[in-house]
Amino acid sequence: MSVATEPGERRLERAFYRRPAVDVAPELLNKVLWAGPRAGRIVEVEAYMGSHDPASHAFRGPTPRNRVMFGPPGHLYVYFSYGVHWCANVVCGEEGEASAVLLRALAPTEGIEAMFAARLAARRPRDLCSGPGKLTQALGIGRDHDGADLVSGDRGVDVRDDGTAPPAAPVVARRVGISVAVDRPWRWYVPGDPNVSRR
DNA sequence: ACCGGGATGTTCT
DNA sequence: GAACATCCCGGTG
């Protein structure tokens, strides 16, 4: 199942993802994630560097949960967090490297009514996608999307460039919610965007 | 506003 | 048994 892109939009190709996650992550800022009719502009990301990164799910090798990370780039790795929430990553680098970019926040752009319906706790638009567990709930991303190929629009998900460049000076910060390798400055976000997760 | 606890699948000790 | 790439709600000030 593929996805029709709007005029003036270009779906990201495989080569975009086939680089280290620390290089891909800041360039994903201001790209647009689509899931069916819902979409949001990516405003906050984190890089996880596979076997080189103690904070990565892939650090200790493949498991049933993380196997998608060890596959080709451009696929979505979706995992269940704290037994409650789904979180979505974009697989990067060469096949087998298991590096990935965690999508942490979006600015909602399309399907906002559906997002509110999916997230009853949200009171304002900034409550819809301002965290990794929130954005998957808002866009309806879950277990069924684990392994989906963003390059072909598999299962209705893809990432598009609508002509908006990444920020010239993104904020660089430490990663959120981890207890090891906390010093690595592998979180990037759009300065001043109200959808960036609180912390 | 800030803080504490509960929810609970997957993975590792 | 415990930690974990989180979020929500209800308490207090």
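Letters A, B, ... mirror the listed sequences (proteins, then strands); counts begin at 1.
- In this structure, A/Leu76 atom CG and C/dA5 atom C1' are separated by 15 Å, rounded to whole Å.
- Separation of the P atoms belonging to B/dG5 and C/dA3 is 15 Å when rounded to the nearest angstrom.
- Across C/dC7, B/dT11, B/dT10, the shortest atom-to-atom separation from the side chain of A/Arg143 is found for B/dT10.
- Backbone-only engagement by A/Arg104 is indicated by non-hydrogen atom pairs under 4.0 Å involving sugar-phosphate atoms exclusively.
- Taking the nucleotide of DNA chain C with the nearest heavy atom to each of A/Ala122 and A/Tyr48, the more 5' of the two is matched to A/Tyr48.
- Taken to the nearest 0.5 Å, the CG atom of A/Asp193 stands 10.0 Å off from the CG atom of A/Leu29.
- Atom CZ of A/Arg126 and atom P of C/dC7 are 16 Å apart (whole Å).
- Distances were taken from every side-chain heavy atom of A/Lys134 (C-beta onward) to each of C/dC8, B/dT11, C/dA5; the shortest belongs to C/dC8.
- Between the P atom of B/dT11 and the OH atom of A/Tyr77 lies a distance of 8 Å, rounded to the nearest Å.
- Put simply, CG on A/Leu128 is 19 Å from P on C/dT6, counting in whole angstrom units.
- The side chain of A/Phe80 sits closest to B/dG9 out of B/dG9, C/dC7, B/dT8.
- With A/Trp34 as the aromatic partner, A/Arg160 meets the cation-pi criteria of under 6.0 angstrom to the ring centre and within 45 degrees of the ring axis.
- Residue A/Ala121 is in sugar-phosphate contact alone, with no base atom involved, counting any heavy-atom pair closer than 4.0 Å across all strands shown.
- Using a 4.0 Å heavy-atom cutoff across all strands shown, A/Leu102 reaches at least one base atom of the nucleic acid.
- At B/dT11, one or more side-chain N or O atoms of A/Thr63 fall inside 4.0 Å of OP1 or OP2 (strictly under the cut-off).
- Across the protein-nucleic acid pair, A/Leu120 atom CG and C/dC7 atom P stand 16 Å apart, rounded to whole Å.
- Under the side chain to side chain contact (heavy atoms under 4.5 Å, CB included) rule, A/Arg11 has a single partner from A/Asp158, A/Val32, A/Asp161, which is A/Asp158.
- Separating the CD atom of A/Gln137 from the P atom of B/dA7 is a distance of 18 Å, rounded to the nearest angstrom.
- You'll find that the side chain of A/Met69 is closest to C/dA5, out of C/dC9, C/dA5, B/dT8.
- A donor-acceptor contact closer than 3.5 angstrom links the side chains of A/His57 and A/Tyr77.
- In this structure, A/Tyr82 does not count as stacked on the base of B/dG9 under the 5.5 Å centre distance and 30° plane angle limits.
- Of all nucleotides listed (C/dA5, B/dC12, B/dT11), B/dC12 comes nearest to the side chain of A/Arg60.
- Counted by atom type alone, A/Thr164 and A/Asp162 present one or more donor-acceptor pairs between their side chains at under 3.5 Å.
- When the nucleotides C/dC8, B/dT11, B/dA7 are ranked by their closest atom to the side chain of A/Val84, B/dA7 comes out on top.
- Each of B/dT11, C/dC4, C/dA5 was ranked by its minimum atom distance to the side chain of A/Ser179; first place goes to C/dC4.
- Between the side chains of A/Arg41 and A/Thr109, no donor N or O sits under 3.5 Å from an acceptor N or O.
- Going from atom CH2 of A/Trp86 over to atom C1' of C/dC4 covers 15 Å, rounded to whole Å.
- Take the nearest nucleotide of DNA chain B for A/His85 and for A/His57: the residue whose nucleotide is more 5' is A/His85.
- Remark: C1' of C/dA5 and CH2 of A/Trp186 are 14 Å apart, rounded to the nearest angstrom.
- With a 3.5 Å ceiling on both atom-pair distances, the Watson-Crick or G-U wobble partner of C/dC8 is B/dG5.
- Residue A/Arg119 is in sugar-phosphate contact alone, with no base atom involved, counting any heavy-atom pair closer than 4.0 Å across all strands shown.
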